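I have placed the structure first, in the form of structure tokens, so that the comments after it can refer back to it.
This structure is a prediction, so every number in the text was calculated from the model and none was measured. Letters A, B, ... are given to chains in the order of the sequence lines, protein chains preceding strands, and every chain is numbered from 1.
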2 protein chains.
Amino acid sequence: MSAAEMSAAEAQVSIWMRPENVERSGPGRRPGYSRAQITQAAVDVADREGLDAATMRRVAQELGTGAMSLYRYVPKRDDLIDLMLDAVVGEIELPERPSGDWRADLSLVAHQTRAVGLRHPWQATLTRRPTLGPNSLRVYDFALSALDGFGLHIDEMTSLCGMVGDYVASAVRDEIGWLDHARHTGMNRKQWMAQYVGPYVRHVVESEQYPLFNRTIREGRLSHLSPDARFQYGLNHVLNGIAAALPDTTTG
Amino acid sequence: MSAAEMSAAEAQVSIWMRPENVERSGPGRRPGYSRAQITQAAVDVADREGLDAATMRRVAQELGTGAMSLYRYVPKRDDLIDLMLDAVVGEIELPERPSGDWRADLSLVAHQTRAVGLRHPWQATLTRRPTLGPNSLRVYDFALSALDGFGLHIDEMTSLCGMVGDYVASAVRDEIGWLDHARHTGMNRKQWMAQYVGPYVRHVVESEQYPLFNRTIREGRLSHLSPDARFQYGLNHVLNGIAAALPDTTTG
DNA sequence: TCCAATCGCGTACGTTGTACTCGAAATGAC
DNA sequence: GTCATTTCGAGTACAACGTACGCGATTGGA
């Protein structure tokens with residue numbers, strides 16, 4: 001099998017099954033970079049300038065090399081993004097084992113996940129199959145184990161944890177949603193509200209066609225809360241919903 | 001203000017505030033297409049070949065014209081995608097008013113939204129600020145009004161409806177997640193499972209590092225259910241969670 | 001009939017991911 | 001030390017993208 005055929009075959013395989021050639025012995029030049037190094041450079045660029053700016057050329061430039069050099073370490077840009085995702089999930093700090101207080105544990109996962117999302121705004125704009133990298137698996141396992149011991153079926157635990165995950169993902173998206181738009185249009189949030197969506201919302205409200213939407217605008221206090229408080233407000237509802245599915249712990 | 005300056009200024013405005021020039025009177029050639037027509041062509045292409053295939057060139061080709069002709073009707077491709085999103089949301093069929101059975105009403109919205117997601121798989125892969133087009137507003141208002149009359153604050157209704165929306169979006173993404181990947185790699189689901197993720201999952205399971213993940217693989221029945229049943233299973237949990245937040249209706 | 005406005009759309013530019021290619025560098029065997 | 005072997009770094013090239021610009025064709029009103 002030639003090197004070209006080898007590479008073509010391996011390109012079909014998950015990046016997590018494709019360890020980079022580290023500590024190789026034998027003839028040939030030694031690699032000057034590493035996957036971790038390239039991933040970090042890509043994360044840095046994406047943090048500063050957005051995911052769209054983290055092109056192969058730009059990431060290579062960050063490292064002081066040429067675009068094609070990166071392909072010695074990463075098969076495709078998509079795979080690099082997988083690596084980036086798992087890398088930032090690695091920033092989530094969790095204890096080895098759940099505390100026994102499921103509500104505190106899931107709350108911790110939720111807040112940590114949100115913090116990562118805000119630190120790396122490009123991450124929330126991605127929709128892809130959940131990354132199965134080592135860091136993601138660790139967080140996933142911790143969240144599930146917080147609901148262990150209540151006699152629930154594993155499928156039920158998955159569903160309930162999923163509610164938290166769905167909420168956090170969507171909340172973070174909302175929080176930073178305007179960021180990417182701002183980068184593209186050059187407008188900050190105030191300008192965007194005032195120029196782009198403000199007049200339209202006013203127009204919709206005045207049309208009186210959507211009574212509940214109007215109540216949201218007129219009576220809703222949610223959008224006036226601090227981002228932290230807003231996040232906590234919604235999270236409480238989700239956790240309350242989970243509590244309802246557990247065998248009664250406090251009452252009874 | 002010149003025409004160029006005009007167009008530059010208008011480009012900053014929401015597409016919903018930019019009605020196309022219809023039924024114009026005065027000199028000048030009459031338009032040969034319409035926003036609705038272009039939107040429909042784009043949706044058709046995206047349905048058949050994926051959103052990435054719905055380029056300006058390809059959509060124009062679908063209509064038998066040139067790429068630049070579209071820009072007489074749509075300012076940017078991003079705006080066209082907004083139009084596409086609201087267009088498919090328009091396929092959601094809902095009664096004029098909620099039935100009074102909140103669970104049935106939210107269930108209806110959830111199932112209809114899922115159906116649209118499966119019919120137009122590209123839609124679920126998008127993450128953007130919620131479209132404020134007329135069809136999206138109608139669905140949003142219906143969902144909120146299903147929870148009206150329980151004495152809840154509008155913010156609470158928003159949070160609870162959000163849980164349903166988050167669940168549906170994430171469930172649909174899971175259901176069709178492999179589709180886009182399949183289109184890119186040319187693998188169908190079986191091949192993807194067998195070649196791409198299967199060996200890696202086996203490797204992870206055998207490592208015994210993630211006990212709850214292992215239980216999911218070994219004891220989980222969720223992934224063996226039909227997609228319909230799986231969706232219903234998760235939806236029931238979400239609706240149960242909402243029931244817990246309502247003043248007691250059945251009990252008491 | 002003629003003017004001014006509008007449409008259809010060809011051409012062109014800057015950017016993207018990445019296939020191909022080849023010289024440079026590093027090593028083990030002798 | 002010398003050389004054959006292997007791998008790395010990176011320049012060049014290509015196809016495809018969104019879209020700015022500009023021009024000929026078309027149209028209604030004066």
_By nearest atom, which of the nucleotides C:dT18, D:dG9, C:dG8 is closest to the A:Met56 side chain?_
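Of the options given, the side chain of A:Met56 lies nearest C:dT18.
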How long is the line joining [atom1] of [X] and [atom2] of [N], in whole Å?
| X | N | atom1 | atom2 | answer |
| --- | --- | --- | --- | --- |
| B:Arg72 | D:dA20 | CZ | C1' | 12 Å |
| A:Tyr71 | C:dG17 | OH | P | 6 Å |
| A:Gln61 | C:dT15 | CD | P | 12 Å |
| B:Ile38 | D:dT19 | CD1 | P | 14 Å |
| B:Met68 | D:dG22 | CE | P | 12 Å |
| B:Glu20 | C:dT6 | CD | P | 15 Å |
| A:Leu51 | C:dT16 | CG | P | 13 Å |
| B:Asp52 | D:dG18 | CG | P | 10 Å |

_Counting the atoms with a prime plus P, OP1 and OP2 as sugar-phosphate, which does B:Thr55 contact under 4.0 Å by heavy atoms, base, sugar-phosphate, or nothing?_
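Since only primed, P, OP1 and OP2 atoms lie under 4.0 Å of B:Thr55, the category is sugar-phosphate.
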*So, does the side chain of A:Arg77 form a donor-acceptor pair with the base of C:dG17 at under 3.5 Å?*
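It does not, because no donor-acceptor pair links the side chain of A:Arg77 to the base of C:dG17 below 3.5 Å.
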_So for atom CD, which belongs to A:Glu208, do other residues, nucleotides or ligands contribute more than 12 heavy atoms lying within a distance under 6.0 Å?_
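Check passes, neighbour count above 12.
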side-chain N/O [X] vs [N] OP1/OP2, d < 4.0 Å:
| X | N | value |
| --- | --- | --- |
| B:Ser69 | C:dG8 | no |
| A:Lys76 | C:dT18 | yes |
| B:Tyr73 | C:dG8 | yes |

*Quick one: pull up OG1 in B:Thr55 and CG in B:Leu70 and give me the separation to the nearest 0.5 Å.*
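Atom-to-atom, B:Thr55:OG1 and B:Leu70:CG are 9.5 Å apart.
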*From A:Thr158 OG1 over to A:Tyr140 OH, what is the distance, rounded to the nearest 0.5 angstrom?*
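The OH atom of A:Tyr140 is 4.5 Å from OG1 of A:Thr158, to the nearest 0.5 Å.
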*Does NZ or CZ of A:Arg114 fall inside the cone over A:Phe231's six-membered ring, less than 6.0 Å from its centre and within 45° of the axis?*
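Because its charged atom sits under 6.0 Å from the ring centre and within 45° of the axis, A:Arg114 does stack over A:Phe231.
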_On the six-membered ring of A:Tyr33, is A:Arg72 placed so that its NZ or CZ lies under 6.0 angstrom from the centre and within 45° of the ring axis?_
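Relative to the ring axis of A:Tyr33, which defines the angle, A:Arg72 lies outside at least one limit.
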*Let me know, please, whether B:Ala67 or A:Ala53 comes out on the 5' side of the other along DNA chain C by nearest nucleotide.*
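Nearer the 5' end of the strand: B:Ala67.
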*Report the residue (A:Arg57 or A:Gly66) whose heavy-atom-nearest nucleotide on DNA chain D is the more 5′ of the two.*
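The residue mapped nearer the 5' terminus is A:Gly66.
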